[in-house]
2 protein chains.
Amino acid sequence: MMRLTRRQQEIYDILRSDADIMQRPPTYDELCQRLGLRSRGSLHKHIQALVMAGLVEPMEGKQRGIRLVSAAQQEQGIPMLGRIAAGHPIEAVEQTENISVPDAMAGSKPRYALQVSGDSMIDEGIFDGDYVVIEQSAAADNGDIVVALIDQQETTLKRLEQQPGKIILHPANATMSPMIYKPDQIQIQGILIGLIRYY
Amino acid sequence: MMRLTRRQQEIYDILRSDADIMQRPPTYDELCQRLGLRSRGSLHKHIQALVMAGLVEPMEGKQRGIRLVSAAQQEQGIPMLGRIAAGHPIEAVEQTENISVPDAMAGSKPRYALQVSGDSMIDEGIFDGDYVVIEQSAAADNGDIVVALIDQQETTLKRLEQQPGKIILHPANATMSPMIYKPDQIQIQGILIGLIRYY
DNA sequence: TTGTTTGTTCTCCTGTTGTTCTCTATTCTA
DNA sequence: TAGAATAGAGAACAACAGGAGAACAAACAA
């Protein structure tokens, strides 16, 4: 979880411990008074930091909108967006749920998980049912395994080879052939950085 | 690992033992006061040494950034015992460190992680360098992938087949053959329940 | 509706804090 | 004994945390 500064921690403790506040969220001015602040703008920065840290719900302009995020739904892990299969768009799961990953896979840049469907990368040790952790990125190096959107339609997980004037997507399966596209047909959506499998 | 000097050890002990510090990392000035130092610059050198030694997280300029590495890891994760290779005993790591795993892999029963060495399970998608999560168990079902101790000497990761009077360990590599043992030659040490790979 | 409250955004300012230097003293070692 | 390692002091700097206040728009109340 993100590190809180002294003031952020202080505010969070007040929000969490004060019974009145739990019943009826305070306005910024009320909180300011309690904290000895004279500027709402200053408080707003702190509240925003708590929202970023996932401890307070975003309040979208509502008045008295400071609401704590319940412990159960506090963000941990990375979002699991759906299944990815060669030849089909990402099958989004109806309700985006988070899955837990090793700390080292939860970096600072936006990342998400997909469940692999199909055997097109089996020679790389990526099996049907495995979870892959993807770092969002529009660019990748040759040799990276990427999530690629083809013709704005299909999404697939393949090894990338960029050449002048063409892009080649290499499956890792002896029964499949590389696919060649024009650069404007392919959009890179992310780079494979981790894999998780349950037995 | 690097050896700590007297002062470094002293600072590390304070960081590790003080409950207040565990809750809220101190500023340099606070630590200086506690140590009887008058110069932040002096303390900074020691903290840097601890960062180099891997005992303290790098803090990238953030205030109150002194965080123990082990503190975060001690609470969660499972012990990483060493490398496992077909044909050799587990190569124990000098200092048992914990690695973070998805919550679902950290069950209630004792579990540990090993890093895979070699290609003997490559056809099962278990590659050299992968981490496998093992649940300690002396028994397993046919078809399970297990950590097996052979003749009290070698440890290996293989798929298990138990038959009356013999135990067969199946590698998953077209270039290797199954190995057949008498039941008293084999001790099952754990069952594979998860796999983690970093790219 | 109208006026007030309230959340949001912005710029500017201040003191704190981590970092990087150089310089000095002490201890240990070849 | 000379040199290296360890330890500290202090200055100077840049990044950071925290705050003030103005201006604005959305939300709310009368």
Side-chain angles (χ1 to χ4, degrees), chain A residues 1-18 20-69 108-109, chain B residues 1-18 20-69 71-72:
Chain A
M1 197 219 300
M2 221 182 97
R3 202 192 324 278
L4 299 184
T5 68
R6 187 180 16 153
R7 205 58 160 151
Q8 288 161 17
Q9 183 74 51
E10 186 180 343
I11 293 170
Y12 181 56
D13 287 343
I14 288 179
L15 292 177
R16 199 174 36 177
S17 62
D18 192 305
D20 297 344
I21 286 178
M22 299 290 272
Q23 297 232 335
R24 180 175 170 76
T27 65
Y28 275 21
D29 280 346
E30 288 167 4
L31 248 191
C32 278
Q33 202 170 5
R34 175 146 179 183
L35 288 161
L37 286 180
R38 260 183 291 184
S39 165
R40 275 170 294 171
S42 307
L43 176 59
H44 184 260
K45 262 194 299 189
H46 292 136
I47 299 293
Q48 277 309 301
L50 290 176
V51 171
M52 288 301 144
L55 299 172
V56 167
E57 290 179 10
M59 48 178 152
E60 302 147 2
K62 293 276 194 317
Q63 292 183 194
R64 292 181 183 273
I66 301 175
R67 294 260 151 74
L68 290 182
V69 172
S108 50
K109 293 177 196 165
Chain B
M1 195 210 304
M2 224 179 81
R3 221 174 76 212
L4 300 184
T5 67
R6 174 177 47 94
R7 205 55 161 152
Q8 287 162 17
Q9 185 70 52
E10 185 180 344
I11 292 170
Y12 181 54
D13 287 342
I14 288 180
L15 291 177
R16 199 172 38 177
S17 62
D18 191 303
D20 295 344
I21 287 178
M22 299 289 273
Q23 292 219 340
R24 173 169 310 273
T27 65
Y28 274 20
D29 282 346
E30 288 168 2
L31 248 191
C32 279
Q33 202 171 5
R34 174 143 180 184
L35 288 161
L37 287 180
R38 260 183 291 183
S39 164
R40 275 171 295 173
S42 309
L43 176 59
H44 183 261
K45 262 192 300 188
H46 292 135
I47 299 294
Q48 278 309 302
L50 290 175
V51 171
M52 289 302 144
L55 298 171
V56 168
E57 290 179 10
M59 49 178 150
E60 301 150 3
K62 290 284 192 304
Q63 292 184 192
R64 290 179 183 270
I66 302 175
R67 275 280 163 85
L68 289 182
V69 165

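The chains referred to below are lettered A, B, ... by the order of the sequence lines, with proteins before strands, and numbering in each begins at 1. Because the structure is a prediction, the values reported are computed rather than measured.
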(request) Using a cut-off of strictly less than 4.0 Å, decide whether B:T5 has a side-chain nitrogen or oxygen near OP1 or OP2 of D:dA7. (result) yes
(message) Looking only at the side chain of A:D29 (C-beta and beyond, no hydrogens), which of the listed nucleotides C:dT6, D:dG18, D:dG8 gets closest?
(response) C:dT6
(message) Nearest whole Å is fine: how far is D:dA7 C1' from B:E10 CD?
(response) 12 Å
(request) Name all residues meeting the side-chain contact (heavy atoms from CB on, under 4.5 Å) criterion together with A:E30; count only those two or more places apart in sequence or in a different chain, and write none if there are none. (result) A:P26, A:T27, A:R64
(message) With a 4.0 Å limit, can you tell me whether A:H44 has a side-chain N or O closer than that to the phosphate oxygens OP1/OP2 of C:dG7?
(response) no
(message) Could you walk me through whether B:R7 and B:L35 satisfy the side chain to side chain contact (heavy atoms under 4.5 Å, CB included) test, starting with their C-alpha distance in whole Å, then the side-chain angles of each, then the deciding distance to 0.1 Å, before giving a yes or no?
(response) CA-CA 10 Å; B:R7 205 55 161 152; B:L35 288 161; 4.0 Å; yes
(request) Rounded off to whole Å, could you give me the CD-to-C1' distance for the B:Q8 and D:dA5 pair? (result) 11 Å
(request) Measure the distance from CG on B:L43 to C1' on C:dT20 and round it to the nearest whole Å. (result) 14 Å
(request) Mind calculating the distance between OH (B:Y28) and C1' (D:dC13) to the nearest angstrom? (result) 16 Å
Scan nucleotides 20-23 of chain D against the protein and return all N/O pairs shorter than 3.5 Å with their distances rounded to 0.1 Å.
unit_1	atom_1	unit_2	atom_2	d
D:dA20	OP2	A:R38	N	2.8
D:dA20	OP2	A:S39	N	3.3
D:dA20	N7	A:S39	OG	3.3
D:dA20	N7	A:S42	OG	2.9
D:dG21	N7	A:S39	OG	2.7

(request) Indicate whether any N or O donor in one side chain lies under 3.5 Å from an N or O acceptor in the other, for A:D29 and A:Q33. (result) no
(request) Mind calculating the distance between CG (A:L4) and C1' (D:dA17) to the nearest angstrom? (result) 13 Å
